Amino acid sequence: MNMRHENIPSERSLPFTEVIDPKLVHELSGVTALGIDIGSRNSKAVLLHDGRLYTALLPTGLNMQETAAELLDELYENANITMEDIDFIVGTGYGRVSLKFETVPSEILTEISCHAMGAHYLNAGTRTIIDIGGQDAKAIQVDPETGKVVKFRMNDKCAAGTGRFLEKAANLLDLTMYDVGPEALKATKDLEVSAQCVVFAESEVISHRAKGETAADIAAGVHMASAKRVVALLRAIPLESDIVFTGGVSNNAGMKHALERLLGKPIVQPKLDMVFAGCLGAAMYAQRLAVEKRRIKSTRVAERCDLSDVSRRIEDAEVSLIERKDVKKVGYLCTYTPPELLTAAGVAFGRIDKCGTPSVVAEGEVIVKSVFCDMSKSVLGHFRTKDPFHDALDQVVTFYTCDTMRATSNAINHYFKPSYGYVVPRTGDKPSARDFFRGEMIAFKKDLEKLTGKPVDDDNLRASIKLHKKLRQTIHKISDLRKRNRPPLSGSDFLEITRAYRSIPAEEQQPILDELYERLAAVPDDDTPRLRVMICGGIMADGDRRLMDLLEKDIGVNVVVEDHCTGLSPFYYDTQETDDPYRDLANAYLDQAPCARQSPLSRRIDFAGNLAKEYKVDAVIYYTLKFCPSFSQTKGLFMRRFHELGLPALELDTDYSQGDTGQIKTRLEAFIEVLKESQGEKEPCTQ
């Protein structure tokens, strides 16, 4: 798909200052970093070494590791280096999973993340990316401050709008891929060609030829049809300038012209062939990872808990789930859903727990009553607006204690995706309840087998139980570090770690957690008294960090423990291993920190009080979403227990509208001010 622009330097080696945006050149370090992009048609590589950027491009062969080796050989010769000189490698693209490098630290990332980062470094103002390759097309929204992906849409179910479509059209016109774009610029009139289906479009091309239409006019019609397909993707994300065009088709002048006509906006042309955008972004990530690896190795101590790598892995895991076609994809709603069974079944999965913007909440409210909590509305709103993660799912499951989540699950099943629900007994004290819940575990297993067409082997399930048990124990151990007088991580940091557990494939997590624990454990403690705050109550969804930011960033108080289902609570139990893994799961989940919808409620309240005492907190903030049936209705009993323990407690009842942020901040500031006075002006619990 590669067709070079005449005005772009074609040298295989250029100084950073001639290629990278001047605003960002200073961010490049002195490490030698390599990015490799194995595309469906062409494979590319960018090497950052000694102040210069080296490029290589080859057709993708049958053996992608061999293709990568050929790219490396070309780079070695041009840069006069060997593999030993490379500090880090990041692979991306269609064939990234096939890449293995035994002697150099390496990782793989999706091309969406890498194209965004590559475009960012070539043009710091990039906000929108159009990426068209041989097999798919993507629209990507980019944060111009960081180069990270904000939102994206992709079309990989149809050839229309991709390089493959243009190649077919070129063949029908007796043109090459290198000629079809320039030929389209010679058009003298607009011809209609179907933008909906490649088969119809081919038929129309043949028909136009039979009518005597010129190759130039037909080529222009084909490009306009493809561009319309791509612009339809752009409608789903905010279309903002600067707009950058990446991928193999970016060198097609006819496509660039058609896109600019439809958009009514110019496309920025950086100083590097944009076929290299993905591997440049991969090289930039490789550079960051190499620097981070050196820093950790040399100090083993962090002044602050840097979880940027964990956050990046979470983002990439979600993109990978969306892109995968080789497995079934499952989303789950409640923390009682056992990921052990999902892992054993071999599905890709993640928790459905994203908070929504007011517009997303409003979309969900079209389906459910206004008195539902904003979390329920967000779930449905994301499905209704076709959020990529939600839209990619094959099935939704939930083990519910909450009537609202049951209704949400039913709505998903009715309007969007097959959704299966399993009942969690209101009490776990009776043997009959545990027998019933074991049956629900087996029913879940059978439904997963129907979804995948494969049996869930009991030995695999036992191995999965062991794996998740170890992961939970490690996360609990990380949380225990917050019992120190000087916690080495903030409450927001810990929520990111628990988000990783819900997002990153289980088999990839243990090395991440082990390294993180080692790094955090090396941070020294001290004797300075600090305020210690606990968050208790309802779910704090993914993206719902307003309260944490107000406490930790604006007011300067750390949260040292949290008692809700996206915080420490789900990691506060163990799994006993017997000959019956389904009973083991049933017992483990009924013995975990209970939901406020279970009985007796006193067990739930006792857990919150004991957790507050264990972490020696000075105060509690009881946080709930409006209309939450589990925690809003029971907050009086929780507050009474905290007062009995001599703990100041503040109630906060809110939603996702953000309209009460000022009011919440004022209440928090006043609460913390009074708390400091009563505690003798303790220092904020900062790092």
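Treat the numbers as computed from the prediction; the structure is a model and nothing was measured.
Residues Lys354 and Asp387 are paired through a salt bridge, judged by an N-O separation under 4.0 Å between the basic side chain and the carboxylate. Using a cut-off of 4.0 Å between Lys/Arg side-chain N and Asp/Glu carboxylate O, Arg545 and Asp549 are scored as not salt-bridged. In this structure, Arg313 does not pair ionically with Glu496, as no charged nitrogen and carboxylate oxygen lie closer than 4.0 Å. Between Arg127 and Glu145 there is no salt bridge, since no side-chain nitrogen of the basic residue lies less than 4.0 Å from a carboxylate oxygen of the acidic one. Looking at Lys148 and Asp143, no side-chain N of the basic residue comes within less than 4.0 Å of a carboxylate O on the acidic one, giving no salt bridge. Using a 4.0 Å cut-off between charged nitrogen and carboxylate oxygen, Glu363 and Lys386 do not count as a salt-bridge pair. A salt bridge is absent between Arg52 and Asp50; no separation between the charged side-chain nitrogens and carboxylate oxygens falls under 4.0 Å. With respect to Lys469 and Glu340, no salt bridge is recorded, no charged nitrogen being found less than 4.0 Å from a carboxylate O. Ion pairing of Arg96 with Glu323 is present here, as a side-chain N (NZ or NE/NH1/NH2) and a carboxylate O approach within less than 4.0 Å. Salt bridge annotation for Asp544-Arg546: absent, with no cationic side-chain nitrogen under 4.0 angstrom from a carboxylate oxygen.
With Lys329 contributing its side chain and Leu321 its backbone, the two residues share a donor-acceptor pair below 3.5 Å. Put simply, the side chain of Ser569 never gets that close to the backbone of Cys565: no donor and acceptor are under 3.5 Å apart. Checked by atom type and distance alone, the side chain of Ser43 never pairs as donor or acceptor with a backbone atom of Ile38 at under 3.5 Å. Between the Asn78 side chain and the Glu74 main chain, a donor and an acceptor come within less than 3.5 Å of each other. Remark: the backbone N or O of Asn63 is paired with a side-chain donor or acceptor of Thr67 at under 3.5 angstrom. In this structure, Thr661 contributes its side chain and Gln658 its backbone to a donor-acceptor pair below 3.5 Å. Under the 3.5 Å distance criterion, the side-chain polar atoms of His382 are matched with a main-chain donor or acceptor of Cys355. Lys417 places a side-chain N or O within donor-acceptor distance of the main-chain N or O of Leu393, the cut-off being under 3.5 Å. A donor-acceptor contact shorter than 3.5 Å is absent between the side chain of Asn558 and the backbone of Val560. Without hydrogens or angle criteria, Thr55 side chain to Val46 main chain gives no donor-acceptor distance under 3.5 Å.
Side-chain contact between Lys44 and Asn42 is present, with heavy atoms from C-beta onward closer than 4.5 Å. Between Asp21 and Leu122, every side-chain heavy-atom pair lies at or beyond the 4.5 Å cut-off. By the 4.5 Å heavy-atom criterion applied to side chains, Leu48 and Met284 are counted as neighbours. Side-chain contact between Leu99 and Gln65 is present, with heavy atoms from C-beta onward closer than 4.5 Å. At least one side-chain heavy atom of Leu280 sits less than 4.5 Å from a side-chain heavy atom of Leu272. In this structure, the side chains of Leu289 and Val90 come closer than 4.5 Å at one or more pairs of heavy atoms.
Not counting sequence neighbours, Pro358 has no partner by the side-chain contact (heavy atoms from CB on, under 4.5 Å) test.
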Listing, residues 236-247 side-chain donor-acceptor contacts under 3.5 Å, not counting sequence neighbours, or none:
residue	atom	partner	partner atom	Å
Asp242	OD2	Asn123	ND2	3.1
Thr246	OG1	His115	ND1	2.9
Thr246	OG1	Asp131	OD1	3.2

In a table with atom names and distances, give each donor-acceptor pair under 3.5 Å that connects a side chain of residues 341-349 to protein atoms at least two apart or in another chain.
residue	atom	partner	partner atom	Å
Thr343	OG1	Pro339	O	3.1
Thr343	OG1	His468	NE2	2.8

Before giving the answer on ring-ring contact (aromatic ring centres under 6.0 Å, His included), spell out for Tyr501 and Phe571 the whole-Å C-alpha distance, their side-chain angles and the decisive distance to 0.1 Å.
-> CA-CA 10 Å; Tyr501 177 79; Phe571 303 92; 5.1 Å; yes
Just do the salt bridge (Lys or Arg N to Asp or Glu O under 4.0 Å) check on Arg482 and Asp480 with the steps written out, would you?
-> CA-CA 5 Å; Arg482 299 189 288 172; Asp480 281 346; over 6 Å; no
Yes or no on side-chain contact (heavy atoms from CB on, under 4.5 Å) for Ile352 and Thr398, after CA distance, side-chain angles and deciding distance?
-> CA-CA 10 Å; Ile352 302 173; Thr398 184; over 6 Å; no
Using the side-chain contact (heavy atoms from CB on, under 4.5 Å) rule, take Thr335 and Arg351 through it: C-alpha gap first, then chi angles, then the decisive distance, then the call.
-> CA-CA 8 Å; Thr335 191; Arg351 186 170 179 186; 3.8 Å; yes
In sequence, state the C-alpha distance, the side-chain angles, and the governing distance for Phe383 and His390, and then conclude on ring-ring contact (aromatic ring centres under 6.0 Å, His included).
-> CA-CA 6 Å; Phe383 276 108; His390 296 71; 5.0 Å; yes
What do the steps show when you test Met540 against Met548 for side-chain contact (heavy atoms from CB on, under 4.5 Å), and what is the final call?
-> CA-CA 10 Å; Met540 190 166 284; Met548 306 299 287; 3.7 Å; yes
Quick one: do Val559 and Met534 satisfy side-chain contact (heavy atoms from CB on, under 4.5 Å)? Show the steps, please.
-> CA-CA 6 Å; Val559 175; Met534 175 171 115; 5.9 Å; no
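Of all heavy-atom pairs spanning Gly567 and Leu495, the tightest one is CA-CD2, 3.9 Å. Residues Met117 and Thr146 come closest through the heavy atom pair CE-O, 3.5 Å. Residues Glu27 and Tyr121 share a closest heavy-atom pair of OE1-OH, 2.6 Å. Residues Val523 and Arg484 approach most closely at O-NH1, 2.6 Å, considering heavy atoms. In terms of heavy atoms, Val142 sits closest to Ala116 at CG2-CB, 3.9 Å. Here the closest heavy-atom approach between residue Ala290 and residue Asp87 is recorded as CB-CB, 4.0 Å.
Rounding to the nearest 0.5 Å gives a distance of 5.0 Å between CD1 of Ile86 and CG of Leu34. The CZ atom of Arg486 sits 13.0 Å away from the CG atom of Leu481 when rounded to the nearest 0.5 Å. Remark: Glu70 CD to Leu75 CG distance equals 12.0 Å, nearest 0.5 Å. Considering CG of Leu47 and CG of Leu53, their distance stands at 8.0 Å, rounded to 0.5 Å. Of the inter-residue distances, the one linking Leu109 atom CG with Asp37 atom CG reads 11.5 Å to the nearest 0.5 angstrom. Note that CD1 of Ile512 and OG1 of Thr474 are 12.0 Å apart. Values are rounded to the nearest 0.5 Å.
Side-chain atoms of Thr498 and Thr566 include no donor-acceptor pair closer than 3.5 Å. No side-chain donor from either of Thr126 and His120 sits under 3.5 Å from a side-chain acceptor of the other. Checked by atom type, the side-chain pair Ser492/Ser490 shows no donor-acceptor distance below 3.5 Å. For Tyr285 and Glu107, the side-chain atoms include no donor-acceptor pair closer than 3.5 Å. Looking only at atom types and distance, the side chain of Asp316 has a donor-acceptor partner in the side chain of Thr110 under 3.5 Å away.
Both cation-pi conditions hold for Lys483 and Tyr615: the charged atom is under 6.0 angstrom from the six-membered ring centre and inside a 45 degree cone around its axis.
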